[in-house]
Amino acid sequence: MDALPWRDAWHDALYAAGRGFYVTRGGPAEHFTTATHGVTGAALAEALLRLWLREHDGLPAVVVDVGAGRGELATHLLRALDDVSPVEGSLPDTPDPVEWAVSPTDDGWKVPTRPGGDDDEWAVSPTGDGWKVPTRRGGEDGDGWGVPTRPGEDVEWAVSPTDDGWKVPTRLGGEDGDGWGVPTRPGEDIEGAVSPTRVVAVDVVERPAGLDERIGWMRSPGGAALPDELAGLSDALVIAHEWLDVVPCTVAQVDTGGTTRTVLVDPRTGEETLGPEPSDADRHWAAAHWPATTPGDRIEVGLSRDEAWADLVARVDSGLLVAVDYGHTRAERPSGGTLTAYRRGVQGDPVPDGTMDLTAHVAVDSLDADEVGRQRDLLRRLGVRGQTPPHALASSDPLAYLRALERAGAEAELIRPAGFGDFWWAVKRVAGRDVT
Ligand SMILES: C[S@@+](CC[C@H](N)C(=O)[O-])C[C@H]1O[C@@H](n2cnc3c(N)ncnc32)[C@H](O)[C@@H]1O
C-alpha cells in the first residue's frame, strides 16, 4: 500500500465510514478513561457551568459538547443544569429560607416569596435573570421548563406579592398582583421542572442507546469537519473536550539536510518515510509557531486544529467556547512530537490501520482564544479545590460526608499536576452581534 501523509492516513484510520476506529470500535470509554467519565465528569460539568454563570446572567440557551464520545459529559452537564442551584458562588446570594404567601388570586394556593429551601428544589428563572424558582429534579416538560405551575401553562414573571422585590412565576399574561400561576403550596408535589437549556452532543456515530432523551444528538463527519446543522448558535456554551487532539494534522520532520519534509506513513505497518515539503500554509504555520531546524526534529503542524477550532467558533453567534486538551505552548514544544496510539487502555506505536486511537497534543497557543491556561489554574479560580469535608460531618451526616469526600477526590484529580490538572483550556468568548 502506498505511503500517505500522516494527516490523510490518520483521518481514514479514525473516521473512514465502516472502518474508522471511532466509527466502528465502540466509544472512547472502551479504550481509555478521560476526565468526563464518572465523578470527575460531574465535577467538571459543574465547573464549566460555573464558568458560564460567572460571566452571564442566567443559564445558556444551549450547551454543545463536540466530540462527545457516547454522551458522558453531556449527561453530566444535563444533571448539573438540573441541579444548578448547588453551584456555589455562581448565583445571587439566597440566604433566606423559603417563605410562602397566599396567592393573590386568593384561591388557597401559595407562592414562594423568597429563594432558598433545599438546593435541589431550586433552579434559575427562565428569564435568565438569576432569580430562583422551585423545581423538582428530573421533571420533564419537553424542551422548556417544567415550570412550577400547572402543567401545560406558560410562565411569566412578576414581582412577589410580598413586595420584597423577589420574582415569582405567574400565568402568561398575568400582571403583578393579578392572575398568579399558583406555583405550588408547601408539601404539594411540584410539577417537575427541567432546565431551559438544551444540551446537544456531537460525535461521529449514531445516537447511543440509553442516552437521556433530553440530550440532542448530532452526527458529525469527524476530524476537522463538523456537521452543517451545527450553526447559528446563540447564547451557547460550547465544549470540546479532547476533540482537537484527534483532529489529524500534518506531521513533518527536519531531514539530514535541514529541510522540513512531510512524514508519510504506511497505513498497514506504520513505517514512516519522508515525502515532499509541506504545503505553503503548513510551512507558514510552522515558521510562526513551531520553528525547527535540527535534523530529526518533528513538527505536528497545528494549522488543521486552528482551522477546525475557528470553524467551530464561527458557528457561534454569541457565547463561550472551551477547548480542553493535552497541549503545549511555544516555550515547550516537544522536539520529537507527541503522536501516539491507544487501544484498550494500552499506549503503543501509532499505526493508522483503524484498530487504535491516534492522538497528538495540541499547540494551544495558536488557537484563536481569549484565554489559554492550565486546567488546574482555571479550575481553582472556579472554586475547584479538592478540599476534604470537615470530619464532624462524618458523625452528623455520614452519607453527606461520603458524598463530599468523593467529590473532593474528583476535584483533586481534576487539578492534579502530572494528571488532568496539566490539561490546557482555551477559552473563546463571542459577543452577540449588534442589533441595530
Ligand atoms: C478522545 S475522544 C474524547 C471523547 C470525550 N470528549 C471525552 O473527553 O471523553 C474524541 C472524540 O471526538 C470525536 N470526534 C472526532 N472528530 C469529531 C468531529 N468532527 N465532530 C464530532 N466528534 C468528533 C471522536 O469520535 C471521539 O468520540
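Note that ligands are numbered from 1 as they come in the structure, with each ligand's atoms numbered from 1 the same way.
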* Structure fact -> Counting from 1 in the order shown, the ligand 1 atoms closer than 4.0 Å to a non-hydrogen atom of T36 are 7 (C), 8 (O), 9 (O)
* **Sub-4.0 Å heavy-atom approach of D203 to ligand 1** => yes
* Any N or O of S220 closer than 3.5 Å to N or O of ligand 1 -> yes
* Are any of the N or O atoms of D245 closer than 3.5 Å to those of ligand 1? -> no
* **T34, any N or O under 3.5 Å of ligand 1 N or O** => yes
* Structure fact -> Near G69 (heavy-atom distance under 4.0 Å), the atoms of ligand 1 are 4 (C), 27 (O)
* Hey, which atoms in ligand 1 end up nearer than 4.0 Å to a heavy atom of V202? -> 21 (C), 22 (N)
* **Residues in ring pair (Phe, Tyr, Trp, His ring centres under 6.0 Å) contact with W285, at least two apart in sequence or another chain** => H289
* ligand 1-proximal atoms of A225, by part, heavy-atom distance under 4.0 Å -> backbone
* Is any side-chain heavy atom of R315 closer than 4.5 Å to a side-chain heavy atom of L226? -> yes
* Return a yes/no value for H241: is any of its N or O atoms, backbone included, closer than 3.5 angstrom to an N or O of ligand 1? => yes
* side chain to side chain donor-acceptor pair (under 3.5 Å) between T338 and E300, worked out -> CA-CA 8 Å; T338 60; E300 287 152 2; 2.7 Å; yes
* Decide whether an N or O pair under 3.5 Å exists between D357 and ligand 1. => no
* To do: Give yes or no for whether the N/O distance cutoff of 3.5 Å, strictly under, is met between G223 and ligand 1.
  => yes
* Aromatic centroids of H328 and W290 separated by under 6.0 Å -> yes
* To do: Identify which of Y342, Y15, Y326 has a heavy atom lying nearest to atom 15 (C) of ligand 1.
  => Y15
* Asked: Considering distance alone, does some N or O of L226 sit under 3.5 Å from an N or O of ligand 1?
  -> no
* Give the atoms of ligand 1, by number and element, whose distance to some non-hydrogen atom of F32 is under 4.0 Å. => 1 (C)
* Would you check whether H37 reaches within less than 4.0 Å of ligand 1, judged by its heavy atoms? => yes
* Asked: Which is it for E72 and ligand 1 at heavy atoms under 4.0 Å: side chain, backbone, both or neither?
  -> neither
